[in-house]
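Contents: one structure, followed by commentary.
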Amino acid sequence: MLRQQDVGHRIVVRRIVGIREGRTLFSDALGELVELSETHITLSTDAGPLRVPVAEVHRAKRVPPARRPTAAAVVALELAADEAWPAPVRGRLGDWRLRWADGWTGRANSALPVGDPDRPLPAALDAVQRWYAERGGPALVNTPLPLAAPVGAELDARGWTSRPPVLVQTVPLRTLTAAPLPGDASAGAPPVTLADAPADDWLAIAAGRKGGLPDAARQVLTGTPRVRFAELREDGRLLAVGRGTVTGEGRWLGVSLLETVPQARRRGLAAAVVRALAGWGAAEGATHAFLQVEQSNTGAVALYRGLGFTTHHTYLTRIAPAA
């Protein structure tokens with residue numbers, strides 16, 4: 001049976017799905033184990049997230065990994081993503097990054113445990129909790145999997161909970177800047193403009209999505225040296241937005257805050273925004289794009305799949321129990 005040490009690794013699960021003519025029926029699922037609790041197993045599969053009750057599990061075991069990025073590649077991409085979403089207050093614990101932005105978004109208010117914290121793991125996590133307590137916020141830790149699986153196991157032992165799994169997805173820029181994909185409606189979309197700073201209505205859309213926009217949020221949005229704010233307007237009205245950054249020694253275009261107003265959806269406008277940002281990123285010398293999306297956001301995952309994005313790795317945001 002599975003153990004917490006298997007979180008972040010590829011597994012196969014044989015589950016009981018019924019009984020026919022006195023015989024038990026089974027179904028197999030293959031994917032990355034992202035959560036293991038007393039009641040459920042959650043996998044990231046090619047078809048999306050799968051949550052299996054433990055009572056239905058006949059057998060489950062770790063299997064050899066499919067081709068996956070090296071640990072160094074995961075670290076490099078996580079650091080590029082950290083540059084692209086820069087918290088205004090930062091600290092270090094050895095190689096670990098500590099980030100604070102007055103509570104605006106988990107990414108800007110969590111520890112990133114990549115590298116050596118320069119002390120034993122239990123002492124490192126104690127220091128993380130003290131650092132966030134000094135700032136009056138809950139301690140959060142983003143655990144890239146399977147790279148930070150040992151950190152996750154220690155957090156499990158301490159009773160930390162998890163937010164939904166996040167997919168870190170990538171695509172070569174040449175894929176995004178190619179001719180429109182079959183069935184892509186973005187070819188007929190209004191033009192996208194790229195600004196050095198966000199307009200007020202751009203910020204209003206971002207605030208609606210993220211539940212407000214404190215001063216720290218503006219620093220996160222504008223604190224990267226190479227950044228563009230995409231706007232797609234029709235008759236002067238803002239219909240779709242996105243944010244692009246170039247980080248990771250110039251290799252990575254980061255795409256974030258992609259949003260289309262509800263009445264303008266299903267017109268390919270989001271794809272048009274992504275393509276415009278990709279063109280800018282390529283002109284800046286970037287070769288690949290990345291984004292982060294909750295695995296449970298099936299509509300967004302489907303959009304990105306259609307644009308050529310695939311999952312590089314996943315991460316969980318872990319939350320300290322209340323004191």
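For the single chain, residues carry numbers from 1 onward in sequence order. Below, all heavy atoms of this structure are taken into account, side chains as well, without hydrogens, waters or symmetry copies.
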**OP:** Indicate whether any N or O donor in one side chain lies under 3.5 Å from an N or O acceptor in the other, for Arg99 and Ser110.
**Re:**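 Their side chains do contain a donor-acceptor pair, which is all the 3.5 Å distance test asks for.
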Subject >> Polar contact flag, side-chain donor to acceptor under 3.5 angstrom, His313-Glu32 >> reply: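 There is no such pair between these side chains.
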Which atom names give the shortest non-hydrogen contact between [X] and [Y], and what distance separates them?
| X | Y | value |
| --- | --- | --- |
| Pro113 | Val141 | CG-CG1, 3.7 Å |
| Gly281 | Leu173 | C-CD1, 3.9 Å |
| Pro164 | Leu316 | C-CD2, 4.4 Å |
| Glu234 | Pro190 | OE2-CG, 3.7 Å |
| Leu140 | Gly106 | CD1-CA, 4.2 Å |
| Thr42 | Leu33 | O-CD1, 3.6 Å |

Subject >> Qualifying ring-ring contact (aromatic ring centres under 6.0 Å, His included) pairs, either residue in residues 221-250, two or more places apart >> reply: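 Found Trp202-Phe229.
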Are the side chain of [X] and the backbone of [Y] linked by a donor-acceptor contact shorter than 3.5 Å?
| X | Y | result |
| --- | --- | --- |
| Arg275 | Leu176 | yes |
| Trp131 | Arg92 | no |
| Thr224 | Glu83 | yes |
| Asp95 | Val114 | no |

Between [X] and [Y], is there shared hydrophobic-cluster membership here, with clusters defined by ILVMFWY side-chain heavy atoms closer than 4.5 Å?
| X | Y | answer |
| --- | --- | --- |
| Val220 | Leu253 | yes |
| Val227 | Val273 | yes |
| Leu25 | Val57 | no |
| Val166 | Val255 | no |
| Leu2 | Ile16 | no |

Original post:
Above 12 or not: heavy atoms from other molecules or residues under 6.0 Å from CG of Asp200?
Top reply: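 Result for CG/Asp200: open.
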**OP:** Give a yes or no on whether Arg90 atom CZ has more than 12 heavy-atom contacts from other residues, nucleotides or ligands under 6.0 Å away.
**Re:** yes
**OP:** Sorted by first residue and then second, give each salt bridge (Lys or Arg N to Asp or Glu O under 4.0 Å) pair with at least one member in residues 113-131; sequence neighbours left out.
**Re:** Asp126-Arg158
Do the charged groups of [X] and [Y] touch, with an N to O distance under 4.0 Å?
| X | Y | result |
| --- | --- | --- |
| Arg318 | Asp156 | yes |
| Arg228 | Glu284 | no |
| Arg233 | Glu231 | yes |

Subject >> Partners meeting side chain to side chain donor-acceptor pair (under 3.5 Å) with Trp85 (sequence neighbours left out) >> reply: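 With neighbours one apart ignored, the set is Thr105.
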Subject >> Set of ring pair (Phe, Tyr, Trp, His ring centres under 6.0 Å) partners for Tyr315, sequence neighbours left out >> reply: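 Scan of Tyr315 (ring pair (Phe, Tyr, Trp, His ring centres under 6.0 Å), adjacent residues dropped) gives none.
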Would you mind writing out the side-chain donor-acceptor pairs for residues 289-303 within the sub-3.5 Å range, not counting sequence neighbours?
unit_1 : atom_1 : unit_2 : atom_2 : d
Gln292 : OE1    : Arg107 : NE     : 3.4
Gln292 : OE1    : Arg107 : NH1    : 2.7
Glu294 : OE1    : Ser296 : OG     : 3.4
Gln295 : NE2    : Ser44  : OG     : 2.7
Asn297 : OD1    : Ala300 : N      : 3.3

Acceptor/donor pairs from residues 256-264 side chains to any protein atom, 3.5 angstrom cut, sequence neighbours excluded:
unit_1 : atom_1 : unit_2 : atom_2 : d
Ser256 : OG     : Arg243 : NH1    : 3.2
Glu259 : OE1    : Arg209 : NH1    : 3.4
Glu259 : OE2    : Arg265 : NH2    : 3.3

